[in-house]
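Nothing here was measured: the structure is a model prediction, and the numbers come from that model. Numbered from 1 within each chain, the chains take letters A, B, ... in sequence-line order.
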There are 2 protein chains.
Amino acid sequence: MVDVKSVANPLFLREEELRQAIEMLFFAYRDFTGGPDEMLAEIGLGRAHHRVIYFVGRNPGITVSELLKILRITKQSLSRVLSHLVEEEFIIQTPGERDRRQRLLTLTQKGVELERRLTADQRERIADAFRKAGADAVQGFKLVLHGIIDAPDRERFDVSGGPTHAPVARVGNKIAGDKMPGTKIAGIKR
Amino acid sequence: MVDVKSVANPLFLREEELRQAIEMLFFAYRDFTGGPDEMLAEIGLGRAHHRVIYFVGRNPGITVSELLKILRITKQSLSRVLSHLVEEEFIIQTPGERDRRQRLLTLTQKGVELERRLTADQRERIADAFRKAGADAVQGFKLVLHGIIDAPDRERFDVSGGPTHAPVARVGNKIAGDKMPGTKIAGIKR
DNA sequence: TTTTTACGTCAACCATGTTGACTTACTTTC
DNA sequence: GAAAGTAAGTCAACATGGTTGACGTAAAAA
């Protein structure tokens, strides 16, 4: 039989569609973090360490306060994981050149290796999903995620639709102004 | 100038694209849970309570063990939040008819109201993102998320591309067999 | 009747978040 | 050059929500 609701009541469909998205986000995130969590547990680290390692790896020389803005946690909370990572030599701190109050954070070789192992798992999961879904779906995926992210962080991402069907070398089209001089943040590298 | 890397080294682009997706997932989930978290804090509840309320609301009469499978936490952990929710009369437990060992979970009116308030925030965020991105992007979004989710839970979702351009009344096309007789789980309602 | 299952409970522990108060070193401003 | 502001760290106390392990009760299944 025909599903009456979807024909007679578009509002139900909308509600249903949105709930589906909410749930998929829940399940996807749960499974997305599952792999790394297991690896981390084996070496006595947690998800919080992963996040720090990830964003330091992504933004070498990042300052503590920049990292705090990304993670949206308190410095006391960060301190716990960060000092552990420094003790265990996954991360080194070097005083800033221009401002010597800053402690610039960088991964050590050991840190880089761990980061690779952790991210490899997630990258593979995403890559599989991308492959199955196809290039257009990937573009849609990014567009929607982009819209879900709060405005201040949204501009970290260029989602303007890279080379899918007709690869075009986009020349010097500024997408987001650098808010933090001297430091490129999460994913905007041009 | 043209970005040399994306032209000369497609592997770099791929790596870059995957990392971008990883980060967007992080930011999106962080912001996606932010709204409800604030509301919950005001009434002395946490994200864990939200998840329970959500999935009970979605699956009225769900058993404890089914809920545990969805949440992937221990029963001791669930017990803490669940018994609180029962005490505060957001949820009622009724013995199963066929199997009287079971405690079937249902939202009270108070529970339904809270669920609405919490989910409204998330639904609005998703709806905005969907509106901005367009129908095709939404379909891509779902397809990719679907691929990210582990196989066992994947079949909770019908992602076959509903009515976007040409609405078709799909007639009795079985998408996933019921694994749990008598109980419809998260998003599969036909 | 025995065994298995669904659910609950007590206890201890851990990871990771919070607030609040205070310190140190360095930079900026007047 | 002194005062104010800022980057980072620290100590302490607490909350939330996960974990393991052991044990109990009632009902269903073998």
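- Between B:E15 and A:R123 there is a salt bridge, since a side-chain N of the basic residue sits under 4.0 Å from a carboxylate O of the acidic one.
- Considering only side-chain N and O atoms, B:T74 lies nowhere under 4.0 angstrom from the phosphate OP1 or OP2 of D:dG18.
- Contact of the A:E23 side chain with the B:Y54 side chain is registered, since non-hydrogen atoms from C-beta on lie closer than 4.5 Å.
- Between B:R72 and B:G44, the residue anchored nearer the 5' end of DNA chain D, judged by the nucleotide with its closest heavy atom, is B:G44.
- For A:S77, no side-chain nitrogen or oxygen approaches OP1 or OP2 of C:dT16 to under 4.0 Å.
- Contact annotation: A:S65 reaches the phosphate of D:dA8 (side-chain N/O to OP1 or OP2, under 4.0 Å).
- Atoms NZ (A:K75) and P (D:dT6) sit 13 Å apart, rounded to a whole Å.
- No donor-acceptor pair under 3.5 Å is formed between the side chain of A:T63 and the backbone N or O of A:L104.
- Between A:L78 atom CG and D:dA7 atom C1' there is a gap of 13 Å when expressed in whole angstrom units.
- At D:dG17, one or more side-chain N or O atoms of B:H49 fall inside 4.0 Å of OP1 or OP2 (strictly under the cut-off).
- Mapping A:R100 and A:L45 onto DNA chain C via the closest heavy atom, the residue that lands nearer the 5' end is A:L45.
- Computed from coordinates, the A:R47 CZ to D:dG18 P distance equals 10 Å when rounded to whole Å.
- Nearest heavy atom pair, residue B:I149 against residue A:M24, reads CD1-O, 3.8 Å.
- Following rounding to the nearest Å, A:L85 (CG) and D:dA8 (P) show an atom-to-atom distance of 17 Å.
- Under 3.5 Å, the side chain of A:Q93 and the base of D:dG9 form no donor-acceptor pair of N or O atoms.
- Side-chain atoms of A:R80 and base atoms of C:dG17 include a donor and an acceptor less than 3.5 Å apart.
- Taking 4.0 Å as the cut-off between side-chain N and carboxylate O, A:R125 and A:D128 do not count as a salt-bridged pair.
- Rounding to whole angstrom units, CD1 of residue B:I91 and P of C:dG8 are separated by 11 Å.
- Scanning atom types as modelled, one donor and one acceptor separated by under 3.5 angstrom connect the side chain of A:R101 and the base of D:dT6.
- Taking atom CD on B:Q102 and atom P on D:dA28, their separation rounds to 9 Å, with Å as the unit.
- Taking atom CG of residue A:D99 and atom P of nucleotide D:dG5, one finds them 17 Å apart after rounding to whole Å.
- The side chain of B:I73 has D:dG18 as its nearest neighbour among D:dG9, D:dG18, D:dC11.
- Taking atom CG on B:L40 and atom P on C:dT18, their separation rounds to 16 Å, with Å as the unit.
- Under 4.0 angstrom from either OP1 or OP2 of C:dG17 there lies at least one side-chain N or O belonging to A:R51.
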